[in-house]
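To start, the structure itself, in structure tokens.
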Amino acid sequence: QVQLVESGGGLVQAGGSLRLSCAASGRTFNRYAMGWFRQAPGKDRDFLAAISWSGGRTYYADSVKGRFTISRDNAKNTVYLEMNSLKPEDTAVYYCAAANTFSSASYQHEYDYWGQGTQVTVSS
């Protein structure tokens, strides 16, 4: 069992930056690949980024490539999402998720555990 708690969301002006954190419980964190997703009001939840258990591989959605960076610190049981050049359309609830394995980083059904989400609001 893995429990995930996101933090770091908030209100930021367009062009600004935020770093989200996702703290995981359990001693098997380093066995899981981790992903970040977001859901805007009235829209489906979308894949943003993922990172392998070792941190050696990262995956990004085209919409955030070059602006967002995923990283992890297995010693701290934490995965991060650094978000730069934020836009109003980045406003959403951001979720982290853990996958024992996945055939594709963007396949939400392959993630085993999900956090409750943290709100990010970008003002224009």
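Heads up: numbering here begins at 1 and tracks the sequence. Excluded from the calculations below are hydrogen atoms, water molecules and symmetry mates; all remaining heavy atoms, backbone and side chain alike, are included.
- Tracing side-chain contacts under 4.5 Å through hydrophobic residues (I, L, V, M, F, W, Y), one never reaches Tyr95 starting from Trp36; they form parts of separate clusters.
- Across all non-hydrogen atoms, the minimal contact from Asn74 to Trp53 is ND2-O, 3.1 Å.
- Between the side chain of Arg45 and the main chain of Val93, no donor-acceptor pair closer than 3.5 Å is present.
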Could you check Ser103 against Glu110 for side-chain hydrogen bond (donor to acceptor under 3.5 Å, both in side chains), going step by step and ending with a plain yes or no? CA-CA 8 Å; Ser103 58; Glu110 295 189 341; 2.7 Å; yes

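- The backbone N or O of Gln3 sits less than 3.5 Å from a side-chain atom of Ser25, completing a donor-acceptor pair.
- The minimum heavy-atom distance between Ser52 and Gly56, with the atom names listed, is OG-N, 3.2 Å.
- By the side-chain contact (heavy atoms from CB on, under 4.5 Å) test, Ser7 is found to be paired with Ser21, residues two or more places apart in sequence or in another chain being considered.
- Here the closest non-hydrogen pair linking Ala24 and Val2 is CB-CG1, 4.1 Å.
- Val12 and Tyr94 fall within the same hydrophobic cluster, where Ile, Leu, Val, Met, Phe, Trp and Tyr residues are linked whenever their side-chain heavy atoms come under 4.5 Å apart, directly or through other members.
- With sequence neighbours excluded, the residues that form a salt bridge (charged side-chain N to carboxylate O under 4.0 Å, His left out) with Arg67 are Asp90.
- Every residue meeting the side-chain contact (heavy atoms from CB on, under 4.5 Å) condition with Ala98, not counting sequence neighbours, appears here in chain and number order: Leu4, Tyr32, Met34, Tyr113.
- Contact check for Thr91 versus Gln119: side-chain heavy atoms found under the 4.5 Å cut-off.
- Here the side chain of Gln13 pairs no donor or acceptor atom with the backbone of Ser123 at under 3.5 angstrom.
- Aromatic rings of Phe37 and Tyr111 (six-membered ring for Trp) have centroids within the 6.0 Å cut-off, being under it.
- Note that the CG atom of Asp46 and the OG atom of Ser106 stand 10.0 Å from one another [nearest 0.5 Å].
- The distance from atom OG1 of Thr28 to atom CD of Gln1, rounded to the nearest 0.5 Å, is 9.5 Å.
- Counting all heavy atoms, side chain and backbone alike, Phe29 lies closest to Asp73 at CE2-O, 4.2 Å.
- For Tyr60 (side chain) and Ile70 (main-chain N/O), a donor-acceptor pair under 3.5 Å exists by modelled atom type.
- The shortest heavy-atom contact between Phe47 and Tyr59 is CZ-O, 3.9 Å.
- Linking Ile, Leu, Val, Met, Phe, Trp and Tyr whenever their side-chain heavy atoms come within less than 4.5 Å puts Leu18 and Val64 in one cluster.
- Leu20 has its side chain out of reach of Glu6: every pair of non-hydrogen atoms, C-beta onward, lies at least 4.5 Å apart.
- Atoms CZ and OG1, on Arg72 and Thr78 in that order, are 10.0 Å from each other to the nearest 0.5 Å.
- Cluster annotation: Val122 and Phe68 are assigned to the same hydrophobic cluster (Ile/Leu/Val/Met/Phe/Trp/Tyr, side-chain heavy-atom contacts under 4.5 Å, transitive).
- The local environment of CD in Gln116 is sparse, with at most 12 non-hydrogen atoms from other residues, nucleotides or ligands closer than 6.0 Å.
- When all heavy atoms of Ser124 and Ala14 are compared, the closest pair comes out as CA-CB, 4.3 Å.
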